[in-house]
Amino acid sequence: MMTPQTLAIAQVIFPPEERAGIFALFGFASGLAAVTGPLLGGFLIHLDIAGLTWRPIFLINIPVGILAIVLGLRIIPKVAGIRTLGVDFVGIAIAALALLLITYPMIEGRSLGWPVWTFAMMAASIPLFYLFVKWQQRQAANDAPEVLPATLLSNRAFITNALLSSLFFSVIPGFFFAFTFYFQDGYGFEPFESGIASLPFSFGVLFASAYSSRLGTRGQTERLLGGAVLLALGFLAMSFLSSPENPPTIWRYAAPLFAAGIGLGLAVSPMFQRALGSVVGRDAGAASGGLQAIQQAGGAIGVAVTGELFFAQLVRTGGATPGADAYTAAFHFALWYGIVAFIIVALSAMFGPKPAIKPA
(Lines give C-alpha, C1' and ligand atoms only; values in the text may rest on other atoms or scores of the structure.)
Protein backbone atom coordinates (compact mmCIF):
# COMPACT_ATOMS: atom_id res chain seq x y z
CA MET A 1 0.00 0.00 0.00
CA MET A 2 2.80 2.42 0.87
CA THR A 3 5.42 1.84 -1.82
CA PRO A 4 3.40 3.05 -4.84
CA GLN A 5 2.64 6.34 -3.08
CA THR A 6 6.23 7.58 -3.14
CA LEU A 7 6.57 8.29 -6.85
CA ALA A 8 2.86 9.10 -7.12
CA ILE A 9 3.31 12.00 -4.68
CA ALA A 10 6.49 13.13 -6.45
CA GLN A 11 4.75 13.00 -9.82
CA VAL A 12 2.01 15.30 -8.52
CA ILE A 13 3.96 17.89 -6.50
CA PHE A 14 6.94 18.39 -8.84
CA PRO A 15 6.76 19.91 -12.36
CA PRO A 16 7.93 17.76 -15.30
CA GLU A 17 11.29 19.51 -15.64
CA GLU A 18 12.22 18.63 -12.03
CA ARG A 19 11.09 15.01 -11.99
CA ALA A 20 14.24 13.58 -13.57
CA GLY A 21 16.29 14.74 -10.60
CA ILE A 22 13.64 13.44 -8.22
CA PHE A 23 13.73 10.01 -9.84
CA ALA A 24 17.52 9.97 -9.49
CA LEU A 25 17.26 10.98 -5.82
CA PHE A 26 14.74 8.18 -5.37
CA GLY A 27 17.37 5.80 -6.75
CA PHE A 28 19.94 7.39 -4.42
CA ALA A 29 17.68 6.77 -1.40
CA SER A 30 17.10 3.20 -2.55
CA GLY A 31 20.86 2.76 -2.83
CA LEU A 32 21.35 4.10 0.68
CA ALA A 33 18.76 1.62 1.95
CA ALA A 34 20.53 -1.14 0.03
CA VAL A 35 23.82 -0.20 1.73
CA THR A 36 22.45 -0.21 5.27
CA GLY A 37 19.83 -2.97 5.02
CA PRO A 38 21.87 -6.15 4.48
CA LEU A 39 24.72 -4.91 6.64
CA LEU A 40 22.49 -3.88 9.54
CA GLY A 41 20.43 -7.07 9.24
CA GLY A 42 23.53 -9.24 9.36
CA PHE A 43 24.92 -7.20 12.26
CA LEU A 44 21.71 -7.60 14.28
CA ILE A 45 21.74 -11.37 13.73
CA HIS A 46 25.41 -11.47 14.71
CA LEU A 47 24.69 -9.61 17.98
CA ASP A 48 21.97 -12.13 18.93
CA ILE A 49 20.23 -9.54 21.13
CA ALA A 50 18.60 -11.17 24.18
CA GLY A 51 18.83 -14.53 22.42
CA LEU A 52 16.37 -13.41 19.74
CA THR A 53 18.69 -14.57 16.90
CA TRP A 54 17.09 -13.35 13.62
CA ARG A 55 13.99 -11.70 15.11
CA PRO A 56 15.47 -8.18 15.55
CA ILE A 57 15.65 -7.76 11.76
CA PHE A 58 11.84 -7.59 11.90
CA LEU A 59 11.48 -5.87 15.27
CA ILE A 60 13.64 -2.94 14.13
CA ASN A 61 10.90 -2.02 11.68
CA ILE A 62 8.71 -0.91 14.60
CA PRO A 63 10.79 2.11 15.73
CA VAL A 64 11.80 2.85 12.13
CA GLY A 65 8.14 2.75 11.08
CA ILE A 66 7.06 5.04 13.91
CA LEU A 67 9.81 7.52 12.98
CA ALA A 68 8.77 7.40 9.32
CA ILE A 69 5.14 8.14 10.24
CA VAL A 70 6.09 11.09 12.47
CA LEU A 71 8.49 12.60 9.91
CA GLY A 72 6.05 11.91 7.07
CA LEU A 73 3.27 13.81 8.81
CA ARG A 74 5.60 16.77 9.38
CA ILE A 75 7.46 16.87 6.06
CA ILE A 76 5.37 15.41 3.24
CA PRO A 77 3.13 18.15 1.80
CA LYS A 78 -0.60 17.71 1.68
CA VAL A 79 -1.77 16.52 -1.72
CA ALA A 80 -5.37 17.21 -2.55
CA GLY A 81 -7.00 14.02 -3.75
CA ILE A 82 -10.05 13.61 -5.93
CA ARG A 83 -12.61 12.73 -3.28
CA THR A 84 -15.18 11.60 -5.82
CA LEU A 85 -12.93 8.67 -6.71
CA GLY A 86 -13.68 5.37 -5.07
CA VAL A 87 -11.88 2.04 -4.78
CA ASP A 88 -12.15 -0.59 -7.49
CA PHE A 89 -12.36 -3.63 -5.22
CA VAL A 90 -13.24 -5.98 -8.09
CA GLY A 91 -10.24 -4.82 -10.11
CA ILE A 92 -7.96 -5.25 -7.11
CA ALA A 93 -9.28 -8.77 -6.54
CA ILE A 94 -8.79 -9.76 -10.20
CA ALA A 95 -5.24 -8.39 -10.32
CA ALA A 96 -4.28 -9.99 -7.00
CA LEU A 97 -5.68 -13.38 -8.05
CA ALA A 98 -3.89 -13.23 -11.40
CA LEU A 99 -0.56 -12.51 -9.69
CA LEU A 100 -1.19 -15.28 -7.15
CA LEU A 101 -1.82 -17.77 -9.97
CA ILE A 102 1.64 -16.94 -11.38
CA THR A 103 3.80 -16.56 -8.30
CA TYR A 104 2.52 -19.41 -6.10
CA PRO A 105 3.20 -22.29 -8.52
CA MET A 106 6.55 -20.76 -9.49
CA ILE A 107 7.62 -20.70 -5.83
CA GLU A 108 6.18 -24.06 -4.77
CA GLY A 109 6.24 -26.01 -8.04
CA ARG A 110 9.79 -27.37 -7.77
CA SER A 111 9.39 -28.68 -4.21
CA LEU A 112 6.08 -30.33 -5.16
CA GLY A 113 7.48 -32.00 -8.27
CA TRP A 114 5.63 -29.75 -10.72
CA PRO A 115 2.18 -31.38 -10.64
CA VAL A 116 -0.22 -30.58 -13.48
CA TRP A 117 -2.20 -28.10 -11.40
CA THR A 118 0.82 -25.76 -11.11
CA PHE A 119 0.89 -25.33 -14.90
CA ALA A 120 -2.91 -25.01 -14.95
CA MET A 121 -2.68 -22.17 -12.42
CA MET A 122 -0.12 -20.27 -14.48
CA ALA A 123 -2.18 -20.76 -17.65
CA ALA A 124 -5.29 -19.53 -15.84
CA SER A 125 -3.58 -16.22 -15.06
CA ILE A 126 -3.63 -15.23 -18.75
CA PRO A 127 -7.42 -14.95 -19.12
CA LEU A 128 -7.53 -13.25 -15.73
CA PHE A 129 -5.15 -10.52 -16.90
CA TYR A 130 -7.33 -10.13 -20.00
CA LEU A 131 -10.38 -9.91 -17.76
CA PHE A 132 -8.62 -7.22 -15.72
CA VAL A 133 -8.10 -5.09 -18.84
CA LYS A 134 -11.70 -5.54 -19.93
CA TRP A 135 -12.93 -4.69 -16.43
CA GLN A 136 -10.90 -1.47 -16.38
CA GLN A 137 -12.38 -0.53 -19.76
CA ARG A 138 -15.87 -1.22 -18.41
CA GLN A 139 -15.18 0.91 -15.34
CA ALA A 140 -13.94 3.76 -17.53
CA ALA A 141 -17.04 3.57 -19.74
CA ASN A 142 -19.25 3.78 -16.63
CA ASP A 143 -17.12 6.56 -15.07
CA ALA A 144 -16.44 4.20 -12.13
CA PRO A 145 -13.26 3.73 -10.04
CA GLU A 146 -10.29 2.10 -11.81
CA VAL A 147 -7.23 0.44 -10.31
CA LEU A 148 -5.21 1.32 -13.40
CA PRO A 149 -6.99 3.80 -15.69
CA ALA A 150 -7.97 2.42 -19.07
CA THR A 151 -6.21 5.39 -20.68
CA LEU A 152 -2.94 4.07 -19.26
CA LEU A 153 -3.65 0.53 -20.43
CA SER A 154 -4.06 1.89 -23.96
CA ASN A 155 -0.88 3.99 -23.71
CA ARG A 156 1.63 1.84 -25.59
CA ALA A 157 4.70 3.74 -24.39
CA PHE A 158 3.64 3.51 -20.74
CA ILE A 159 2.69 -0.18 -20.80
CA THR A 160 5.79 -1.23 -22.76
CA ASN A 161 8.16 0.65 -20.48
CA ALA A 162 6.28 -0.38 -17.32
CA LEU A 163 6.63 -4.06 -18.24
CA LEU A 164 10.26 -3.48 -19.16
CA SER A 165 10.79 -1.76 -15.82
CA SER A 166 9.22 -4.76 -14.09
CA LEU A 167 11.67 -7.07 -15.84
CA PHE A 168 14.58 -4.76 -15.01
CA PHE A 169 13.77 -4.53 -11.29
CA SER A 170 12.88 -8.21 -11.02
CA VAL A 171 16.54 -9.20 -11.26
CA ILE A 172 18.08 -7.58 -8.18
CA PRO A 173 15.94 -9.14 -5.39
CA GLY A 174 16.34 -12.58 -6.94
CA PHE A 175 20.07 -12.08 -7.39
CA PHE A 176 20.68 -11.24 -3.74
CA PHE A 177 18.43 -14.14 -2.76
CA ALA A 178 20.77 -16.50 -4.63
CA PHE A 179 23.86 -14.58 -3.51
CA THR A 180 22.92 -15.08 0.15
CA PHE A 181 22.36 -18.83 -0.21
CA TYR A 182 25.59 -19.16 -2.18
CA PHE A 183 27.65 -17.43 0.52
CA GLN A 184 25.93 -18.64 3.69
CA ASP A 185 24.63 -22.13 2.94
CA GLY A 186 27.24 -23.01 0.34
CA TYR A 187 30.39 -21.71 2.01
CA GLY A 188 29.41 -21.04 5.62
CA PHE A 189 29.68 -17.25 5.69
CA GLU A 190 27.97 -15.41 8.53
CA PRO A 191 25.05 -13.09 7.61
CA PHE A 192 27.17 -10.07 8.55
CA GLU A 193 29.96 -11.26 6.25
CA SER A 194 27.63 -11.81 3.28
CA GLY A 195 26.21 -8.33 3.95
CA ILE A 196 29.72 -6.85 3.73
CA ALA A 197 30.34 -8.83 0.52
CA SER A 198 27.31 -7.15 -1.10
CA LEU A 199 28.33 -3.59 -0.12
CA PRO A 200 30.23 -2.72 -3.35
CA PHE A 201 26.97 -3.03 -5.30
CA SER A 202 25.23 -0.56 -3.02
CA PHE A 203 28.13 1.89 -3.12
CA GLY A 204 28.00 1.74 -6.91
CA VAL A 205 24.28 2.59 -6.81
CA LEU A 206 24.95 5.52 -4.48
CA PHE A 207 27.80 6.87 -6.61
CA ALA A 208 25.94 6.65 -9.92
CA SER A 209 22.62 7.94 -8.53
CA ALA A 210 24.34 11.07 -7.19
CA TYR A 211 25.83 11.69 -10.63
CA SER A 212 22.64 10.85 -12.51
CA SER A 213 20.60 13.35 -10.46
CA ARG A 214 22.59 16.20 -12.05
CA LEU A 215 21.79 15.17 -15.62
CA GLY A 216 18.02 15.77 -15.50
CA THR A 217 16.40 14.48 -18.67
CA ARG A 218 19.60 14.53 -20.72
CA GLY A 219 20.92 11.35 -22.28
CA GLN A 220 18.09 9.10 -21.16
CA THR A 221 18.64 6.48 -23.84
CA GLU A 222 22.40 6.50 -23.38
CA ARG A 223 22.14 6.16 -19.58
CA LEU A 224 19.62 3.34 -19.77
CA LEU A 225 21.66 1.54 -22.42
CA GLY A 226 24.94 2.04 -20.56
CA GLY A 227 23.41 1.01 -17.23
CA ALA A 228 21.90 -2.18 -18.65
CA VAL A 229 25.18 -3.10 -20.37
CA LEU A 230 27.15 -2.50 -17.16
CA LEU A 231 24.73 -4.70 -15.23
CA ALA A 232 24.94 -7.47 -17.81
CA LEU A 233 28.75 -7.29 -17.85
CA GLY A 234 28.90 -7.26 -14.05
CA PHE A 235 26.74 -10.37 -13.83
CA LEU A 236 28.74 -12.02 -16.63
CA ALA A 237 31.99 -11.30 -14.77
CA MET A 238 30.56 -12.87 -11.59
CA SER A 239 29.61 -15.97 -13.57
CA PHE A 240 33.24 -16.34 -14.71
CA LEU A 241 34.55 -15.73 -11.19
CA SER A 242 32.29 -18.36 -9.64
CA SER A 243 34.01 -21.73 -9.90
CA PRO A 244 34.79 -24.60 -7.50
CA GLU A 245 38.50 -23.85 -7.87
CA ASN A 246 37.98 -20.27 -6.64
CA PRO A 247 35.72 -20.27 -3.56
CA PRO A 248 34.13 -16.93 -2.75
CA THR A 249 35.73 -14.41 -0.43
CA ILE A 250 34.23 -11.21 0.93
CA TRP A 251 35.97 -9.14 -1.76
CA ARG A 252 36.08 -11.59 -4.72
CA TYR A 253 33.06 -10.04 -6.41
CA ALA A 254 33.72 -6.44 -5.34
CA ALA A 255 34.65 -5.10 -8.79
CA PRO A 256 31.75 -6.64 -10.80
CA LEU A 257 29.30 -5.79 -8.00
CA PHE A 258 30.45 -2.17 -7.99
CA ALA A 259 30.15 -1.99 -11.79
CA ALA A 260 26.66 -3.51 -11.65
CA GLY A 261 25.69 -1.02 -8.94
CA ILE A 262 26.84 1.86 -11.13
CA GLY A 263 24.72 0.40 -13.92
CA LEU A 264 21.63 0.31 -11.72
CA GLY A 265 22.23 3.85 -10.47
CA LEU A 266 22.57 5.15 -14.03
CA ALA A 267 19.48 3.35 -15.30
CA VAL A 268 16.91 4.03 -12.56
CA SER A 269 16.08 7.63 -13.44
CA PRO A 270 15.79 7.18 -17.24
CA MET A 271 13.79 3.99 -16.67
CA PHE A 272 11.19 5.96 -14.71
CA GLN A 273 11.32 8.84 -17.18
CA ARG A 274 10.67 6.59 -20.16
CA ALA A 275 7.67 5.01 -18.47
CA LEU A 276 6.13 8.22 -17.10
CA GLY A 277 7.22 10.72 -19.77
CA SER A 278 4.18 10.05 -21.94
CA VAL A 279 1.68 10.44 -19.07
CA VAL A 280 0.17 13.83 -18.33
CA GLY A 281 -2.77 15.33 -16.46
CA ARG A 282 -4.84 13.45 -13.92
CA ASP A 283 -3.29 10.11 -14.87
CA ALA A 284 0.17 11.16 -13.64
CA GLY A 285 -0.31 10.04 -10.05
CA ALA A 286 -2.05 6.81 -11.04
CA ALA A 287 0.74 6.06 -13.52
CA SER A 288 3.43 6.48 -10.86
CA GLY A 289 1.59 4.29 -8.38
CA GLY A 290 0.77 1.71 -11.04
CA LEU A 291 4.38 1.66 -12.22
CA GLN A 292 5.70 0.84 -8.76
CA ALA A 293 2.96 -1.73 -8.18
CA ILE A 294 4.00 -3.45 -11.42
CA GLN A 295 7.62 -3.33 -10.25
CA GLN A 296 6.70 -4.92 -6.93
CA ALA A 297 4.97 -7.72 -8.80
CA GLY A 298 8.04 -8.08 -11.00
CA GLY A 299 10.24 -8.35 -7.91
CA ALA A 300 8.13 -11.18 -6.52
CA ILE A 301 8.18 -13.02 -9.85
CA GLY A 302 11.93 -12.40 -10.17
CA VAL A 303 12.64 -14.01 -6.80
CA ALA A 304 10.47 -16.96 -7.79
CA VAL A 305 12.19 -17.42 -11.17
CA THR A 306 15.72 -16.98 -9.81
CA GLY A 307 14.95 -19.26 -6.87
CA GLU A 308 13.64 -21.93 -9.21
CA LEU A 309 16.75 -21.71 -11.41
CA PHE A 310 19.05 -21.77 -8.37
CA PHE A 311 17.47 -24.68 -6.50
CA ALA A 312 16.74 -26.75 -9.60
CA GLN A 313 20.42 -26.56 -10.55
CA LEU A 314 21.43 -27.18 -6.92
CA VAL A 315 19.46 -30.43 -6.79
CA ARG A 316 20.53 -31.42 -10.29
CA THR A 317 24.21 -30.98 -9.39
CA GLY A 318 24.35 -31.97 -5.73
CA GLY A 319 21.36 -34.22 -5.14
CA ALA A 320 19.79 -34.43 -1.69
CA THR A 321 22.93 -33.27 0.15
CA PRO A 322 24.57 -30.64 -2.06
CA GLY A 323 28.10 -29.49 -1.31
CA ALA A 324 29.89 -26.23 -1.97
CA ASP A 325 30.51 -27.14 -5.64
CA ALA A 326 26.78 -27.58 -6.20
CA TYR A 327 26.06 -24.16 -4.68
CA THR A 328 28.64 -22.63 -7.01
CA ALA A 329 27.01 -24.27 -10.03
CA ALA A 330 23.58 -23.09 -8.86
CA PHE A 331 24.75 -19.49 -8.39
CA HIS A 332 26.44 -19.54 -11.79
CA PHE A 333 23.26 -20.81 -13.44
CA ALA A 334 20.95 -18.32 -11.67
CA LEU A 335 23.06 -15.37 -12.88
CA TRP A 336 21.91 -15.98 -16.44
CA TYR A 337 18.40 -14.77 -15.69
CA GLY A 338 19.82 -11.33 -14.95
CA ILE A 339 22.20 -11.38 -17.91
CA VAL A 340 19.39 -12.15 -20.35
CA ALA A 341 17.02 -9.64 -18.72
CA PHE A 342 19.56 -6.80 -18.93
CA ILE A 343 20.35 -7.61 -22.56
CA ILE A 344 16.63 -7.28 -23.31
CA VAL A 345 16.57 -3.92 -21.51
CA ALA A 346 19.61 -2.73 -23.46
CA LEU A 347 17.99 -3.67 -26.78
CA SER A 348 14.76 -1.92 -25.77
CA ALA A 349 16.72 1.23 -24.90
CA MET A 350 17.85 1.36 -28.52
CA PHE A 351 14.67 0.26 -30.28
CA GLY A 352 11.78 0.70 -27.81
CA PRO A 353 9.35 3.62 -27.35
CA LYS A 354 11.15 6.84 -26.42
CA PRO A 355 10.09 9.25 -23.64
CA ALA A 356 7.83 12.12 -24.58
CA ILE A 357 9.47 14.75 -22.33
CA LYS A 358 12.10 16.77 -24.14
CA PRO A 359 15.50 17.06 -22.49
CA ALA A 360 15.94 20.11 -20.26
Side-chain angles (χ1 to χ4, degrees), residues 1-16 19 22-23 26 72 76-106 120-170 271-301 352-357:
M1 291 175 63
M2 184 177 68
T3 299
Q5 311 310 317
T6 53
L7 284 184
I9 293 173
Q11 186 83 337
V12 171
I13 65 177
F14 291 100
R19 290 175 194 159
I22 298 303
F23 296 152
F26 178 83
I76 299 174
K78 300 290 184 181
V79 179
I82 304 174
R83 298 196 176 274
T84 56
L85 292 180
V87 179
D88 180 10
F89 290 105
V90 174
I92 292 172
I94 296 173
L97 181 58
L99 289 173
L100 176 66
L101 290 176
I102 289 180
T103 55
Y104 181 78
M106 291 182 71
M121 284 182 69
M122 288 188 283
S125 69
I126 298 174
L128 268 180
F129 279 118
Y130 177 76
L131 178 62
F132 175 77
V133 173
K134 301 303 290 185
W135 177 261
Q136 297 307 294
Q137 293 172 346
R138 173 192 178 277
Q139 293 292 92
N142 294 331
D143 197 25
E146 303 166 73
V147 176
L148 196 64
T151 51
L152 291 178
L153 292 172
S154 61
N155 185 328
R156 177 175 172 268
F158 172 77
I159 291 297
T160 300
N161 284 298
L163 293 175
L164 189 69
S165 174
S166 179
L167 174 65
F168 180 83
F169 287 102
S170 74
M271 178 68 74
F272 287 139
Q273 292 174 55
R274 287 169 71 94
L276 301 175
S278 60
V279 180
V280 294
R282 63 178 290 172
D283 286 341
S288 299
L291 176 63
Q292 282 203 283
I294 292 171
Q295 288 172 7
Q296 293 295 307
I301 294 173
K354 300 299 188 293
I357 297 177

Working to the nearest 0.5 Å, report the span between [atom1] of [X] and [atom2] of [Y].
X    : Y    : atom1 : atom2 : value
M121 : Y104 : CE    : OH    : 7.5 Å
L128 : L97  : CG    : CG    : 5.0 Å
F132 : D88  : CZ    : CG    : 7.5 Å
Q137 : N142 : CD    : CG    : 12.0 Å
Q296 : L291 : CD    : CG    : 10.5 Å

Does the side chain of [Y] come within less than 4.5 Å of [X]'s, by heavy atoms?
X    : Y    : result
Q139 : V147 : no
L167 : L163 : no
F129 : L99  : yes
L153 : I159 : yes

Looking only at heavy atoms, what is the nearest atom pair of [X] and [Y], with distance?
X    : Y    : answer
W135 : G91  : NE1-N, 3.6 Å
A162 : A275 : N-CB, 4.3 Å
S170 : G298 : CB-O, 3.0 Å
A123 : P127 : O-CD, 3.2 Å

Item to complete: Output all residues satisfying side chain to side chain donor-acceptor pair (under 3.5 Å) with T103, sequence neighbours left out; order by chain, then residue number.
Response: none
Worksheet item: Is there a donor-acceptor pair closer than 3.5 Å between any side-chain N or O of T160 and the backbone N or O of A157?
Response: no
Practice prompt. Indicate yes or no for a side-chain donor-acceptor contact from S166 to the backbone of I294 under 3.5 Å, with no hydrogens or angles considered.
Written response: yes
Worksheet item: More than 12 non-hydrogen atoms from neighbouring residues, nucleotides or ligands closer than 6.0 Å to CG on D143, yes or no?
Response: no
